[in-house]
Every structure is written in structure tokens, then in C-alpha cells.
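Since this is a predicted model, take the numbers as computed values, not measurements. Worth knowing before you read on, the calculation uses all heavy atoms, side chains too, and leaves out hydrogens, waters and symmetry mates.
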Amino acid sequence: MTYTHRHLLGIEPLDPAEITTILDLAEDYVTLNRSTDKHSEALRGLTQINMFFENSTRTQASFELAGKRLGADVMNMSMQSSSVKKGETLIDTALTLNAMHPDLLVVRHPHSGAVDLLAQKVNCAVLNAGDGKHEHPTQALLDALTIRRKKGRLHRLTVAICGDIAHSRVARSNLILLGKMENRVRLIGPPTLMPAGVAEFGCEVYDDMRQGLEGADVVMMLRLQKERMDGGFIPSEREYYHRYGLDAEKLAFAKEDAIVMHPGPMNRGVEIDGTIADDINRSVIQEQVEMGVAVRMAAMDLLARNLRAARAA
Ligand code: NCD
């Protein structure tokens with residue numbers, strides 16, 4: 001087992017062996033989660049605090065369930081109604097929580113870099129559950145596990161990531177992970193939703209969806225991140241769906257056995273046709289949710305091992 005980090009802040013600092021370690025351990029948790037008795041003792045005695053400064057349904061539920069199945073004491077802080085509203089800074093909130101001796105802190109924040117900053121101020125393990133447009137490491141890991149299980153490998157695949165690339169931490173973390181594992185990544189979207197300097201990542205960029213999907217093994221769709229846009233980035237949702245919405249006609253350009261992914265929440269009729277999303281022969285969206293719990297259990301288990309080892313030293 002190789003995973004030497006104190007935190008899980010992004011995919012960027014991980015090497016391929018560490019990514020494989022997390023995914024291999026997650027496989028064990030997939031099996032546990034499918035059994036009747038879902039309990040493990042990996043986090044027994046430890047306290048996990050979930051701090052979500054941005055709305056979340058599946059990620060927060062997934063981290064909560066993961067912690068409970070591993071035997072941790074899990075607390076969800078509702079940051080919408082917290083002292084942050086009274087003007088407390090992120091750092092003061094973090095220091096207050098730190099004084100309660102948590103062992104694992106799961107943080108989502110609207111600002112890129114906020115979770116890294118917080119990790120420097122506390123003495124527990126920090127997991128990034130999404131920071132602004134920066135990273136969402138557990139999402140990329142759960143996507144990787146889903147791909148590896150469906151395609152039988154996680155290298156030399158052609159993966160098309162389509163939609164609002166510019167505002168997406170999911171795209172960014174996936175791009176980094178898939179590149180490290182030696183896959184071919186294509187980014188598809190209107191030029192207004194493509195970040196500057198994207199070519200540095202060594203991927204191909206397309207504004208024509210049919211060309212971009214040609215021969216793809218994996219088609220990953222993204223939501224338009226309206227909450228991160230100031231101003232109009234697309235002419236209209238109808239026009240966007242016409243050019244970039246995944247429907248049967250466009251999907252036919254990908255490989256016959258290509259899988260369709262979406263991190264959720266999904267906007268049917270904007271970036272994806274509802275019948276494609278529900279097609280159990282193509283769409284792996286439900287598997288992604290299942291893999292999410294297993295990957296988060298694996299990540300927290302590994303961090304807890306490092307935490308215990310560091311404290312024992
Ligand atoms: C994503 C996120 O929050 O970045 N959702 C998720 O974690 N499942 C993607 C999104 O919000 O569109």
C-alpha cells in the first residue's frame with residue numbers, strides 16, 4: 001500500500017501508484033457495501049466533521065454514509081446557518097472546530113484554494129469535497145473506479161469530457177487523473193466555456209461535439225455551472241442543447257460500447273437527453289454514485305492509518 005499524504009486536497013500531488021492504492025482498497029469497500037452487514041471498524045474512535053459551505057446532495061450524503069459505515073462519529077455542520085453568516089472568517093471557524101479534536105475534516109467551499117488554506121491551520125486530516133473551480137479529488141477517483149470496472153482498465157482509453165469545462169472542478173480533477181494514468185483526454189465545449197491555457201494539460205480541444213466524440217470509449221457530461229458564471233457564456237439553453245446536449249444521434253459517433261457518465265446534479269434537456277441518462281446499457285450514472293461511497297471509505301481509511309501512525313510516532 002502506498003499512500004503517504006496527510007490530506008487529500010487534490011489529484012495533482014498523487015502519483016499513479018497512490019491512485020491505484022485508493023482504487024484497489026475501494027474495491028473491497030464495494031464488496032462490503034453490497035453485503036448485509038456494512039460495518040467496518042477502520043475509523044472507530046475517530047471524529048469526522050463535514051463542513052459544506054456550498055450546496056451538496058450526493059457528495060455530503062456519500063461522505064456521511066462512508067464515515068458511518070467505517071464506525072466514525074460523524075457530524076454535519078450546516079454552514080449556511082453557522083457563524084460564517086455572522087462574519088466569522090474561514091480560519092476562525094476552522095480553529096474553533098479544531099479545538100474540538102476532529103480527526104477528519106471534509107470541506108467543500110466556493111473559493112478555489114480555500115480547502116488548502118484550511119488544511120494548513122488544523123491538525124487533522126483534511127479531505128477536499130470540492131473547492132471552487134479547482135479540484136474535486138474524490139469525484140475523479142470515483143469516476144476512475146467506475147471506468148476501470150466498466151472498461152476493465154484505466155489506461156489507453158479515449159475519454160471525452162464535454163460541456164462547461166471552464167468552471168468545472170470535476171473536469172479539472174478528471175483531466176489530471178486520466179492524464180497521469182496515460183489516457184487520451186478530449187475536451188469538448190464552446191470556446192467561451194474552455195479555460196485559457198488548457199493545451200498545457202496535453203489534451204485535445206474540440207468545439208464540434210461530433211468530431212470530439214468520434215471513437216470515444218467514455219463520454220463524460222458536465223452541468224453548466226451557472227453559479228460560477230458572471231454574465232452570459234451561452235446564447236440560450238436551447239441552442240446549447242442543440243450543439244452540446246448528448247442525444248442518441250451525437251452519441252452514435254462514440255464507440256458502440258462507450259459508457260456515458262455525469263457527476264450530477266443533472267439537467268435533463270440542457271446537457272443530456274433524459275432517455276440517454278436512463279439507458280442502463282449506456283449510462284453508468286448510478287454506478288458512479290455507488291462507487292462514490294466506496295472511494296470515500298477507502299480515502300478516509302488510508303488517511304486514518306497515516307494519522308494513527310503519525311500520532312504513534
Ligand atoms: C459536482 C460538483 O459539485 O462539483 N457535483 C458533485 O460533486 N456530484 C458537479 C456539479 O455541481 O455540477
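The closest side-chain donor-acceptor pair between D143 and Q139 falls under 3.5 angstrom. Side-chain contact annotation: T275 with D273, donor-acceptor N/O pair under 3.5 Å present. Under 3.5 Å, the side chains of D301 and Y29 contain a donor-acceptor pair of N or O atoms. There is a side-chain donor-acceptor pair under 3.5 Å between N33 and R69. In this structure, a donor-acceptor pair under 3.5 Å is present between the side chains of E18 and H5. A side-chain N or O of R108 and one of T59 form a donor-acceptor pair less than 3.5 Å apart. No side-chain donor from either of H167 and E227 sits under 3.5 Å from a side-chain acceptor of the other.
Residues Y206 and L187 are not in side-chain contact: their nearest non-hydrogen atoms beyond the backbone lie 4.5 Å or more apart.
For the salt bridge (charged side-chain N to carboxylate O under 4.0 Å, His left out) criterion with R149, the lone passing option out of E27, E290, E287 is E27. Screening E12, E135, H134 for a side-chain hydrogen bond (donor to acceptor under 3.5 Å, both in side chains) with S173, the sole residue that qualifies is E135. With D103 as the partner, the salt bridge (charged side-chain N to carboxylate O under 4.0 Å, His left out) test is satisfied by one option alone out of R308, R311, R305: R311.
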Pair D73-K68, salt bridge (Lys or Arg N to Asp or Glu O under 4.0 Å): steps then yes or no: CA-CA 7 Å; D73 293 313; K68 286 182 171 161; over 6 Å; no
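In this structure, D164 does not pair ionically with K226, as no charged nitrogen and carboxylate oxygen lie closer than 4.0 Å.
Checked against the 6.0 Å centroid threshold, F52 and H109 do not count as a close aromatic pair.
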